[in-house]
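Computed from a predicted structure; not experimentally measured. Numbering of residues begins at 1 and proceeds along the displayed sequence.
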Amino acid sequence: KHIAAGDHIIMAGGRVGKDGIHGATFSSAEIDEHSPQSAVQIGSPITQKLLSDFLERACRAGLVKCSTDNGAGGLSSSIGELAKISGGAVVNLEKVPLKYSGLMAWEIFVSESQERMTLVIEEEKLESLFHMAQEMEVELSDIGNFTAAGFLDVRYNQRKIAYLSLVFLHDGVPRKTL
């Protein structure tokens, strides 16, 4: 995958809600009567099918540079992974469509979904991609850009929420020697 500074970060598919928070930890836990009922994301098979068909068509048309899903960690993991390739990213969380109001910025950033994808799109392909998405009834949101600044810069209404060095983010924790 090659991602250049200036490429757009596009969120495609389902809207963000609290129901996608803690799904990864929940899936690894033992379930008992004290387990939270809201830890598993409420799926939408229709959204997932529309997104799947759209992605297949958009990729065949050469509109998508690369993509990754919003599984465990949601936008934080998908954009964090992709930002390593370009050397950075600026994310504007106020542009992320929500299922309902009242989510905190960190909740928007970490809520996961198997029916939501992060796409890398070149400037000149944006209009065609958005037109195709509208025809196929898939919601797209332009939520930022990739950079070469060396940082994952996460904002909400221009307020910095996180500003993490990619070196620290990907290599900052010492590896265990077993």
Side-chain angles (χ1 to χ4, degrees), residues 3 7-52 54-55 66-86 88-121 130 133 137-147 149-166 168-170 172-173:
I3 300 172
D7 286 345
H8 290 258
I9 302 169
I10 305 296
M11 189 185 102
R15 290 177 166 239
V16 172
K18 285 187 180 191
D19 57 325
I21 298 172
H22 300 300
T25 51
F26 179 78
S27 67
S28 301
E30 186 175 322
I31 299 171
D32 61 24
E33 67 273 6
H34 303 295
S35 298
Q37 293 179 347
S38 64
V40 178
Q41 188 243 342
I42 301 163
S44 170
I46 294 170
T47 302
Q48 193 162 5
K49 176 64 172 148
L50 289 171
L51 178 61
S52 176
F54 164 74
L55 284 173
C66 61
S67 66
T68 189
D69 75 0
N70 281 203
L75 292 167
S76 70
S77 62
S78 65
I79 296 171
E81 280 176 33
L82 295 170
K84 187 175 183 183
I85 298 168
S86 70
V90 175
V91 184
N92 300 298
L93 295 177
E94 73 277 0
K95 295 181 178 182
V96 173
L98 307 177
K99 291 179 181 176
Y100 39 79
S101 63
L103 269 70
M104 295 172 50
W106 72 268
E107 293 172 319
I108 296 168
F109 202 45
V110 304
S111 180
E112 58 193 67
S113 170
Q114 296 303 318
E115 62 211 24
R116 186 166 48 245
M117 299 287 288
T118 297
L119 312 177
V120 179
I121 309 297
F130 273 81
E137 299 180 39
V138 171
E139 187 170 17
L140 297 185
S141 302
D142 189 343
I143 63 169
N145 292 84
F146 290 98
T147 71
F151 292 89
L152 177 58
D153 182 353
V154 184
R155 302 171 185 186
Y156 189 82
N157 290 326
Q158 296 304 314
R159 198 175 101 242
K160 282 195 191 288
I161 303 302
Y163 192 74
L164 298 168
S165 158
L166 288 179
F168 171 75
L169 185 62
H170 291 283
V173 177

Q. Under the side-chain contact (heavy atoms from CB on, under 4.5 Å) test, which residues partner Ile85, sequence neighbours left out?
A. Lys1, Ile3, Leu82
**Q.** Value rounded to 0.5 Å, distance of CZ in Phe109 from CE in Met104
**A.** 15.0 Å
(Q) Testing the basics here: between Ala12 and Leu140, what is the closest heavy-atom pair and its distance to 0.1 Å? (A) CB-CD2, 3.3 Å
Q | Donor-acceptor pair, side chain of Gln48 and main chain of Glu115, under 3.5 angstrom | A | no
Q. Got a sec, which residues hit side-chain contact (heavy atoms from CB on, under 4.5 Å) with Ser77, two or more places apart in sequence or on another chain?
A. none
Q. Tell me, which pairs form a salt bridge (charged side-chain N to carboxylate O under 4.0 Å, His left out) where one or both residues lie in residues 102-111, sequence neighbours left out?
A. Lys18-Glu107
Q | Shortest non-hydrogen contact between Ala105 and Leu93, atoms and distance | A | O-CD1, 3.4 Å
(Q) For Val16 versus Ser111, what's the shortest heavy-atom pair and its separation? (A) CG1-CB, 3.7 Å
**Q.** Sequence-distant partners of Glu137, side chain to side chain donor-acceptor pair (under 3.5 Å), two or more places apart
**A.** none
Q.
So Thr118 and Ile10, do their side chains get closer than 4.5 Å, heavy atoms only?
A. no
(Q) Is any side-chain heavy atom of Ile161 closer than 4.5 Å to one of Arg159? (A) yes
Q.
I'd like to check Phe146 versus Val90 (side-chain heavy atoms, cut-off strictly below 4.5 Å). Are they in contact?
A. no
Q | Nearest-0.5 Å distance that lies between atom OG in Ser86 and atom CD1 in Ile9 | A | 7.5 Å
Q. Under the side-chain contact (heavy atoms from CB on, under 4.5 Å) test, which residues partner Leu169, sequence neighbours left out?
A. Leu152, Leu164, Leu166
Q | Closest heavy-atom pair and its distance - Leu55, Leu119 | A | CD2-CD2, 3.5 Å
Q | Expected output: side-chain Ser78 to main-chain Asn70 donor-acceptor under 3.5 Å | A | no
(Q) Test of understanding: with side chain to side chain donor-acceptor pair (under 3.5 Å), list the residues that count as partners of Lys49, not counting sequence neighbours. (A) Asp53
(Q) Taking side-chain contact (heavy atoms from CB on, under 4.5 Å) as the definition, give me every residue that meets it alongside Glu81, ordered by chain and number, with sequence neighbours left out. (A) Thr68
Q) What is the minimum heavy-atom distance between Met117 and Ser67, and which atoms define it? A) CE-OG, 3.8 Å
Q | Residue list, ring pair (Phe, Tyr, Trp, His ring centres under 6.0 Å) with Tyr163, at least two apart or on another chain | A | Phe151
Q) Quick one: does Ser141's side chain have a donor or acceptor within less than 3.5 Å of a partner on Ile143's backbone? A) no
Q. Do any N or O atoms from the side chain of Ser76 and from the backbone of Gly73 form a donor-acceptor pair under 3.5 angstrom?
A. yes
Q | Partner set under side chain to side chain donor-acceptor pair (under 3.5 Å) for Thr47, not counting sequence neighbours | A | Ser44
(Q) Could you check whether any side-chain N or O of Arg116 sits under 3.5 Å from a backbone N or O of Asp69, counting only pairs where one atom can act as donor and the other as acceptor? (A) no
Q: Mind checking side chain to side chain donor-acceptor pair (under 3.5 Å) for Asp153 and listing every partner two or more places apart, or none if nothing turns up?
A: Arg155, Lys160
Q: Give a yes or no on whether the backbone of Leu98 and the side-chain of Arg15 come within a donor-acceptor separation of less than 3.5 Å.
A: yes
**Q.** Nearest heavy atoms of Leu75 and Val96, plus distance in Å
**A.** CD1-CG2, 3.8 Å
